[in-house]
Amino acid sequence: MTNRYNAAEVEPRWQKIWDEADVFRANNKGDKKFYALEMFPYPSGRIHMGHVRNYAMGDVVARYKKAQGFDVLHPMGWDAFGMPAENAAKENGGHPKDWTYDNIAAMKAPLKRLGFALDWSREFATCDEAYYKQQQAIFLKFWEKGLVYRKTAKVNWDPVDNTVLANEQVIDGKGWRSGAVVEQRDMDQWFFKITEYAEELLEGLDTLERWPEKVRTMQANWIGKSEGLQMRFEFVSSSRDKVFYNKELKNLGSSIPVNPSQKEYTEFLETALSLSPSYEGVDLNVVWESVLNGIEIFTTRPDTLYGASFIALSPDHPLIKKIAINNAKLEAFRAECAKLGTTEEAIATAPKLGFDTGLKVKHPFVAGKTLPVWIANFVLMGYGTGAIFGCPAHDQRDLDFARKYNLDVTPVVLPDGEDAATYDIGTEAYTGEGTLFNSDFLNEFNKADGISAAIAKIQDMKLGQGVTNYRLRDWGVSRQRYWGCPIPVIHCEDCGVLPVPEADLPVALPYDNIDLTIPGNPLDRHPTFKHVDCHKCGKAARRETDTLDTFADSSWYFARFAGGQGKGLPDDAPFDKDMASQWMPVDQYVGGVEHAVLHLLYARFFTRGLRDCGLIDLPSGEPFAGLFTQGMVTHAVFTDEDGQYVMPADIIEDGNQLLHIETKKIITQGDVIKMSKSKKNVVDPNDIIEGYGADVARWFVLSDSPPERDVEWTESGVVGAWRFSKKIWNLVEGANKEFSPMSLANDASGDALELRKFAHKALEKITIGIEAFRFNTSVAQIYELTNALSKYKIQDAARAESLGILIRTIAPFMPHLAEECWSVLGGDGLVYHAPWPKLDAAMLVDDNITLPLQVNGKRRSELSIPKDMAKDDIEALALSDEAVIRAIGDGTVRKVIIVPGRIVNIVVS
RNA sequence: GCGGGCGUGGUGGAAUUGGUAGACACGCAAGACUUAAAAUCUUGUUCCUGUAUAGGAGUGCCGGUUCGAUUCCGGCCGCCCGCACCA
């Protein structure tokens, strides 16, 4: 008679035992440390299946490493600042702070109920004053170190969230959270100088061997390093006049000197400005500099300079802004460019548009040769210098442009095997390797040598120099929001922009008088927050009202977890330096791939900043040594007859159709997509825990699908997982309890030996699966071992040993069931503390093996032989096999290939 | 357009130095137990050759290398993800 396994009773009981014994607290970091971390959750109010999968994976690793004898740190906390709290307050009243802490309380219970081996003693929320106080201290340290600065910049403005977004947070021209089309605005902003580390962040990627290739590639592309030449094309002397001496000015009776000094020129422009209000804001020095310096361009292909046929400026180029004034045609052109749309996709697919400014510049190498200066909509102001030289023969965009506007196309790179006399560029630019020609001193060079030679020459001529360009921009962190970390800065009219003295930290968020129903920043209109006396001169000053981008919060939380040893979370430092330095880096980080360039890049930057401010000893600056990006949990979408989405829990199967439980409407099943509230295809983990238990939920999300891929939630799959847990329990209940689960049956023979072999082979594969993050294969092996235990009905030490292996290997996956089984079987202490089963290598080899026999690569038969049989004997046996003889027929045996232990292939013709 | 990944039964997937394709699970079918159902257990389940101790085909398609290819190479087709005129 077996007792039914009751997860609802068993699971909380073990959780209580773990809790009371405080077994998951990471106290000592010995020689073998392992820091397991999953991306901490935003406290939205409910746990979803994505969390379950994410934390189940981390928990498998944490528990497995513990069993392997590591000191494991596996903490948990809350990424608690952010817009949803403000939105909730706006929609439902209440306060963002209350909403957030209520949600944390609501989520902590189910998270604990899932039985993760988490060290809750280090728990914190990023909205805790103690946390953001330290973040403000870090901000000031970064400022001191030159990693923070302030400038007026064109920023991405999200009109729905009413805030600024970083470049990384603009996806396809839309805000990453709101989805609103992002506008450009000029604003005073705080920036983190992430570009300072562009090279290091790029090079560091090569050292991250345990990161997915995909994420590394994405980050490398985002940093976007390119090496090339920045140089200027000087204006042809007479054309300089044309820049500013346009018809309109002439008509107005102004005159420009032929070779003006800067003073004369400035006077001329001032006259011009006074004649037209649209000149307002023009910086005369900038204009003058462009006149003196010519047009700065950036290129990665200086080897093709002899093929240059035009210069193209971005429509946003500052020089254009000057010359566009009073030029109706040019204004019309710029308007036309703007009309094509501002989303990234629209820009990318827009037709090439050009405008000839009439200006001319000198070719640097060819005396007397001039190039026309065009404005082209495909040139981006945000990259390089906002200006290029066009070499149509060897750049597709330039070629499209040249063909459209009838500009010269001169090939200068000859592909191998082509004849210089006949080589012709049609509609496809040649961008590959080749030999330079039509290029005077560069002739006969290959691409790489040509590039070096051209750069050297330009440097000699003092027209430019070799430079490295990055796409990466500095990280704008000012947010005009309430629910974030206040930027610890004071603006004093006399003393300027001042850091808040460290002793005055934290700059705490006010709780009262926060009205989120009015657009704009509540801190800015708060009655007292803004008003502060300057600590330097004592006069009334203004407190900074912007808060930090919430991605800053998640850029160092892992270090605070690590440096919270002993005295708890420190209040006088972001973290204990020694402890953080010992635990860091995170050995295994697990989270969603959606953070590939956001959080994961910011954290790498921040950690370097912490290192360079002397806050942590971590020479590499890499916070995450191992990264795993897990797939999503998906579910079918259901709609009723009216096309309304229906929750899976509200559906009942009736014959061969699905009906709504209450309305009885017929339900149609749609696509399988990521669980989302709006599509109502969500399954609440709480329901699963109640119905089947935490172990079943954990087991299911780890079964079947490879962890990096999406897993489809299905009712039948859950039932299967539940059946399996019962099967394990039945095996344990029916076991002979005389033997300890730590038994070793070294003298086993017969069935007992077979079972032992099976168990150890399974153990090996289960272990490999966990190590390689292929939990689905570990799960499959656990099934096999379970099936073997059902098959071999023996009751002896070999069975106890195999069962002991089974229970210890399921422990990381289904810890409660494992504890219960371990206890019933008489295991010592907690299975959590039990060492990982020791692999008996002798059990992995068989004395007798089955060797497949192939004839011409087709399997015809098999041979059961001792594993070390001589090749000659194998050949003889193979050739005398009935099926083999039949397959050979009247053919002639040409060759017999014997791969010991693997296969025999007989080649017949 | 560029970069990366993927394509295997009805389904999820396994087969990581080129060596028995389809492990394991879900589903389905048959059977046992039961008054019955549920649960549980047993057996079968890539397709085709009406029967199968037999044979043929088969890992998106076409070709190549090899004694042997899901695996390596070339060319297509399809799907997913990322970047998107980055000079």
Exercise. What integer number of Å spans the P atoms of U70(B) and G7(B)?
Worked result: 14 Å
Seminar exercise, completed: Closest heavy-atom pair, P392(A) versus A429(A), reported as atoms and distance to 0.1 Å, is O-CB, 3.8 Å
Exercise. Under 6.0 Å between ring centres, would you say that holds for W211(A) and F628(A)?
Worked result: no
Problem set entry | Presence of K858(A) side-chain N/O under 4.0 Å of A57(B) phosphate oxygens OP1/OP2 | yes
For this session: Classify every nucleotide of nucleotides 10-15 of chain B by which part a protein heavy atom approaches to under 4.0 Å, writing B for the base, S for the sugar-phosphate alone and - for neither, in 5'-to-3' order.
Result: --BSSS
Exercise. Centres of the W374(A) and F355(A) rings: under 6.0 Å?
Worked result: no
Exercise. Does any N or O in the side chain of D408(A) come within less than 3.5 Å of the main-chain N or O of T410(A), such that one atom is a donor and the other an acceptor?
Worked result: no
Seminar exercise, completed: Pairs under 3.5 Å (Watson-Crick or G-U), crossing ones as [ ], inter-strand ones as |: RNA chain B comes out as (((((((..(((......[....)))((((((.......))))))((((....))))..(((((..]....))))))))))))....
Problem set entry | is_close_aromatic(F389(A), F310(A)), centroid dist under 6.0 Å | no
Problem set entry | 5'-most by nearest nucleotide on RNA chain B - K793(A) or V904(A) | V904(A)
Exercise. Taking OP1 and OP2 of C67(B), is either one under 4.0 Å from a side-chain nitrogen or oxygen of R859(A)?
Worked result: no
Exercise. Would you say the side-chain atoms of D710(A) pair up with the backbone N or O of T634(A), donor to acceptor, closer than 3.5 Å?
Worked result: no
For this session: Would you state whether a donor and an acceptor, one from the side chain of K352(A) and one from the base of C85(B), lie under 3.5 Å apart?
Result: yes
Problem set entry | Validation row: P707(A), N776(A) side chains within 4.5 angstrom (heavy atoms) | yes
Exercise. Is G9(B) in the syn range, within 90° of 0, or in the anti range?
Worked result: syn
For this session: Would you check if the side chain of K674(A) reaches a backbone N or O of M632(A) as a donor-acceptor pair within less than 3.5 Å?
Result: no
For this session: Report the residue (G224(A) or L851(A)) whose heavy-atom-nearest nucleotide on RNA chain B is the more 5′ of the two.
Result: L851(A)
